[in-house]
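What follows is one structure encoded as structure tokens, with my remarks underneath.
One is the number of the first residue; the rest follow in order along the sequence. Just follow the structure's listing: the first ligand is 1, and inside any ligand the first atom is 1.
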Amino acid sequence: MGLNAKQMGHCTVDFEKNGKQIGFFNLPLSVHDDAWGVVRVPLAQIKNGEGPTVILEGGNHGDEYEGPIALGELIRDLDPGLVSGRLIFIPAINQPAVVAARRTSPIDDLNMNRTFPGSTVGTTTQQIAAFVNDVLFPMGDAFLDLHSGGSSLDIIPSSVIEPVDDPVKHAQNIAAVTAFDAPMIVVIDNRGDPRTATASAARAGLTVVGTEMAGGGTVSLDAVRICRRGVRNVLVHLGALPPTFGAPLEHEPELYDIPGAGAYVIAPDDGVFEPFHRNGEKVSAGQPAGRIHFLADPGRAPVELAYGIDGIVYARRQPGRVRPGNCCLVVAAPYRSRLT
Ligand SMILES: [Zn+2]
């Protein structure tokens with residue numbers, strides 16, 4: 001079920017109109033102190049001449065900042081005359097989560113990136129996802145989904161490939177992701193979850209580029225620079241901006257992936273995790289990865305954890321405090337399959 005005409009009437013951007021528009025998708029939200037109020041999801045479009053429609057998303061998680069910063073700058077600074085085609089910006093798509101600086105929405109506690117394709121009869125987060133999936137994706141040729149590690153992870157700045165079965169589409173995605181020019185390129189299937197924005201965009205046939213830009217709930221000096229130039233490079237690659245907006249590539253494209261459950265070092269106990277390696281260090285299967293300390297029980301020896309696969313440390317948990325099931329570390333391994 002798509003959004004009906006009355007619901008679409010709450011969108012202040014006319015997708016057929018040329019030039020720059022900065023507005024909102026105003027999603028009705030009827031609560032105790034505001035019976036006929038709305039959630040104001042920021043939305044902008046820059047349209048000019050012939051070319052692809054590119055949808056640029058930030059703020060899917062509200063505590064990941066490099067993407068929304070880069071998209072806000074483009075919205076404000078880009079001269080519409082330089083665009084070929086249509087850029088649709090959703091820089092703070094989970095607006096309630098962005099305002100709260102939380103991964104999940106304070107309204108329904110949902111993680112937007114586990115709600116796609118969304119539902120028009122669901123909760124606020126599900127309705128916003130349905131707007132992206134049902135209204136925006138059918139207009140799009142390409143989708144950039146700009147994530148960072150968020151409050152709980154620090155991740156090596158990387159551009160991310162959403163795995164797809166079609167080899168032609170897979171090659172298009174690799175080319176677009178390579179154009180982003182991050183220090184690493186990683187194939188990530190989010191543990192096979194089909195409910196992510198990039199998985200949904202891939203099913204809709206769009207060229208898909210994801211990112212992971214540092215994290216820790218802060219703005220990384222390096223990652224925000226990588227993100228700024230990466231977004232522009234991808235728009236040049238797609239033909240939506242002139243080549244003068246691109247920057248020469250700085251990185252040799254090296255592909256990695258997160259090859260299954262063995263890549264994750266999971267806490268088996270309740271305590272404080274001490275890592276043994278920094279992000280980017282080479283590690284091997286069976287090697288000690290860190291240990292969990294029991295600070296209030298000093299007579300108890302720490303529990304040692306080990307890596308499950310060979311690779312490099314790609315992501316590390318930020319809070320030291322862990323509970324059973326928490327993800328302490330993630331290892332990325334060189335990606336060889338399905339590459340031709
Ligand atoms: Zn995210």
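Distances shorter than 2.8 Å separate the Zn ion (ligand 1) from the protein N/O/S atoms His61 ND1, Glu64 OE1, Glu64 OE2, His147 ND1.
Note on residues 271-303: pairs passing ring-ring contact (aromatic ring centres under 6.0 Å, His included), not counting sequence neighbours, are His277-Tyr307.
Judged purely by distance below 3.5 Å, without hydrogens or angles, the side chains of Thr198 and Asp145 never pair a donor atom with an acceptor atom.
Classification of Arg321 and Asp270 as a salt-bridged pair holds, one side-chain N sitting under 4.0 Å from a carboxylate O. Salt bridge status for Arg228 with Glu66: absent, with no side-chain N to carboxylate O gap under 4.0 Å.
Taking Phe143 as the reference, Phe137 meet the ring pair (Phe, Tyr, Trp, His ring centres under 6.0 Å) condition, with sequence neighbours excluded. Scored by the salt bridge (charged side-chain N to carboxylate O under 4.0 Å, His left out) test, Arg232 finds no partners at all (sequence neighbours excluded).
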